[in-house]
Amino acid sequence: MSQHYRTLTANSSSYFVLVLALTALALFGLAAAHYMESEGHWITGMNNQIVWGLPHVFAISLILSASGALNVASMASLFGKTEYSAWSRFSGLLAISLLMGGLLVLVLDLGRPDRLIVAITHYNFKSIFAWNIFLYTGFIVLVAIYLWFLFERKMNQYVKVAGLFAFGWRFILTAGTGSIFGFIVARQFYHSAMMIPLFIVLSLSLGTSVFILVTQIVGRLSGSFMKQEISFSLLRLLGLLLALEGFLICAFYLTGLYSAARYDVVLFVLINGGIYTFLFWAGQIVIGTVVPLGLIFLAKAQLNSSIRLVSATVSKMIGSFCLLYVMVIAGQSYPQLMFPGKQIRSTFFDGVVVHYAPSWPELALGMGGVAVVGIIILVVTRVLPFLPVEEQRAQSSQ
Amino acid sequence: MSGSSENLGSVDLKRRKFMVTMVASMAGAGFNLVELAMAKTSLEAESKLVRWGLLIDTEKCGVGCNACVSACNTEHNLEDHGRPETDAQWIRKLDLVDEQTSHVHSLPMLCQHCEHPPCVDVCPTGASFRRDDGIVLVDKHTCIGCRYCMIACPYKARSFIHENLTNQRSWSPRGKGVVESCTFCTHRVDTGRIPACVEACHAEGGGAMTFGDMVNPESEISHRLKSEPSRQIREDLKLNTGVRYQNV
């Protein structure tokens, strides 16, 4: 039986309230970016020591989620998991929306966002950042082609080929994002080959969480719920990815303790890093790993299924945000290794742990990026048939 | 009659003013011409046959001496906005305290003008670049302010401009939202002078800095690098820095 699709036809006030609230949030983010650009970055918490701050944590979270959100499409189109195929369209839409939200935050945080045209026309091909510009735009193009093949009946036969390209591309994309940090010899915490597999697995787990959560929200708005058995099979996949991520995190820190150059900064994060140590243990390990693993593998039927899905994915997302916050900020906060065996004093904060307090414009910009993702999804699903019809029936028959 | 002599007097006065102005302008232009004549051509100023470098003898660098830093700040008008975390510093003094012996010594830290600069490698637009003569600069027209170069610099030598700027020097244009660092005072070096920090170190400091062409066998820096021990900071990264230190 062929799959039918529908648009999001909800006329409920909750849909319009949500669109309005997200629009207000996006406009506020835009205003914050304008404020940052016109006044200069001194109004933010970022400085000459912590040069990448909260906006970058938001941007990387969204970009990694984008790659992982395509999991469902890849499983359906490449690995023959036909039970997921009804949600392939939505998977592609979510991936593009998340990437656009992330890129928007990244661009609006630039010192000169008005020079975006320079970034598009001048390339230094030795720069991993320049590769990433191609990887991100290429990802959007490939997923758009994949969606076109899904929508256009005549092109359906090529879906697998498009899916294969998109699948390969997103691995390179997340490897590229990990390489932005992994190749940095100047920062002991970043300089690790482990960054690449870690970012790949983080993207798969984070993207899966976002996908499950967003399908729950869209289900509430439209009535097009994902079949429960599919949601829970995705949740079990999330559990496996979480376990793999936990293993890679262990390897990342243990290999750090093994290296003389990284030993101090790893101990700093694990034991005496203040807020970073707290975010690592409480945020990343307990909320982001232990809680969702418990909810996925131990909670079983005692909990309401919807609550279980939402709480497991939200806690995982909080944990991933903490992971990236610790990774990005603590890596800059800890002093750079210039003179081993010497304590350094200067007027430029050498030799000391640098304080960073995120400011409201940074938070507003990051939240604005998230809001843009929501707006794209709510508007596009209302115009184009992205939501499967069969799923609605399945849900209403339950 | 008297009226016409008054008129003649006023004409004389105007003529005199005109002559004075002319002579002054010609003298000014003459000075400019001399400066221009002494300046190197664009090819000479930036030649692969030259590698500008700086040798710093930390024994002569006094703890508490800030002559080089003050000179740089004045030369490029790096203003103090009262926000040390975001204020730009192209050169700064580091006091190094030995963890075992507590011995303190001091040295200036600035862009090391590496032969293989990580900042140039990571810059997505190519705004960070290295001149043929080894000076690493930022093209302020193509820098988009992503700050990746600041993340990549092992010496923390770069600053981002966090605010609107006023009273800029014509020879050192700067701009909000872009990254900058030590230029080795290209405006001076290209006209045969030495960087402001080196000049100040000799005039007011301990004379710790020697600037010159590292590949010219006749230069003092080249001679001293051959005959005296020196080192690069983070030599493990194999960046072949243009700034070398002694007694560290």
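Letters A, B, ... mirror the listed sequences (proteins, then strands); counts begin at 1.
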Interface moiety of [X] toward chain A, non-hydrogen atoms closer than 4.5 Å:
X	answer
C153(B)	backbone
V69(B)	neither
V104(B)	side chain
I233(B)	side chain
R92(B)	side chain
L107(B)	side chain
L237(B)	side chain
A127(B)	neither
K93(B)	backbone

Taking [options] one by one, which has the highest count of heavy-atom pairs under 4.5 Å against chain B?
options	value
I180(A), L116(A), I120(A)	I180(A)
W42(A), F129(A), F181(A)	W42(A)
R115(A), H355(A), Q336(A), Q49(A)	R115(A)
G40(A), S127(A), P113(A)	S127(A)
D109(A), D114(A), I133(A)	D109(A)
G111(A), A119(A), A130(A)	G111(A)

Checking the side chain of R170(A) only, and the main-chain atoms of S67(A) only, is there a donor and an acceptor separated by less than 3.5 Å?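 Answer holds: yes.
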For the pair S230(B) (side chain) and Y245(B) (backbone), establish whether a donor and an acceptor sit closer than 3.5 Å, ignoring hydrogens and angles.
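It does not hold such a pair.
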Review point. So among W52(B), F211(B), W90(B), which one has a ring-ring contact (aromatic ring centres under 6.0 Å, His included) with F184(B)?
Key: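 Single pass found, and it is F211(B).
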Determine the option with the most heavy-atom pairs under 4.5 angstrom with chain A, choosing from [options].
options	value
C146(B), S106(B), A88(B)	C146(B)
G175(B), S159(B), G126(B)	S159(B)
V97(B), L94(B), V178(B)	V97(B)
I161(B), D87(B), V248(B)	D87(B)
Q100(B), M150(B), Q89(B), M109(B)	Q89(B)

- How far apart are the C-alpha atoms of R158(B) and S128(B), what are their side-chain angles, what is the distance that settles it, and do they pass the side-chain hydrogen bond (donor to acceptor under 3.5 Å, both in side chains) test? CA-CA 11 Å; R158(B) 293 200 153 190; S128(B) 279; 2.6 Å; yes
- Relative to chain B, which segment of M46(A) carries a heavy atom at a distance below 4.5 Å: side chain, backbone, both, or neither?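 Both parts, heavy atoms under 4.5 Å.
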I need the contact set between residues 339-353 of chain A and chain B: heavy-atom distance under 4.5 Å, sorted by residue number.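 Within residues 339-353 of chain A, the residues under 4.5 Å from chain B are F339(A), G341(A), K342(A), Q343(A), I344(A), R345(A), S346(A), T347(A), F348(A), F349(A), D350(A).
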Would you say the ring centroid of F183(A) lies under 6.0 angstrom from that of Y190(A)?
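No, too far apart.
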- Message: Among residues at least two apart in sequence or on other chains, which ones pass side chain to side chain donor-acceptor pair (under 3.5 Å) with D236(B)?
- Response: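 Applying side chain to side chain donor-acceptor pair (under 3.5 Å) to D236(B) gives R234(B).
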**Reference residue E163(B); test salt bridge (charged side-chain N to carboxylate O under 4.0 Å, His left out); the match among K176(B), R174(B), R83(B)** =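 With E163(B) as partner, salt bridge (charged side-chain N to carboxylate O under 4.0 Å, His left out) holds for just one option, R83(B).
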Just say parallel, tilted or perpendicular for the rings of [X] and [Y], cut-offs at 30° and 60°.
X	Y	answer
W360(A)	Y35(A)	parallel
W52(A)	Y148(B)	parallel
W171(B)	H187(B)	parallel

Report task. Using the side chain to side chain contact (heavy atoms under 4.5 Å, CB included) rule, pick out the option among N240(B), T241(B), V136(B) that qualifies with Q112(B). Result ->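 Among N240(B), T241(B), V136(B), the one meeting side chain to side chain contact (heavy atoms under 4.5 Å, CB included) with Q112(B) is T241(B).
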- Message: Ignoring hydrogens, what is the shortest heavy-atom contact between F189(A) and F252(A)? Give both atom names and the distance.
- Response: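 Result for this residue pair: O-CZ, 3.5 Å.
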So, T86(B) and N47(A): side-chain donor and acceptor under 3.5 Å apart, yes or no?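 The criterion, which ignores hydrogens and geometry beyond distance, is not satisfied for N47(A) and T86(B).
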TODO: Please say whether more than 12 non-hydrogen atoms of neighbouring residues, nucleotides or ligands are located less than 6.0 Å from NE2 in H116(B).
DONE: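 Result for NE2/H116(B): enclosed.
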**Request:** Report the C-alpha distance between Y136(A) and T177(A) in whole Å, list the side-chain angles of each, state the deciding distance to 0.1 Å, and finish with yes or no for side-chain hydrogen bond (donor to acceptor under 3.5 Å, both in side chains).
**Result:** CA-CA 10 Å; Y136(A) 298 152; T177(A) 310; 3.1 Å; yes
| request: Could you check if a side-chain atom of F280(A) sits within less than 4.5 angstrom of a side-chain atom of I271(A), using non-hydrogen atoms only? | output: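 No, too far: nothing below the 4.5 Å cut-off.
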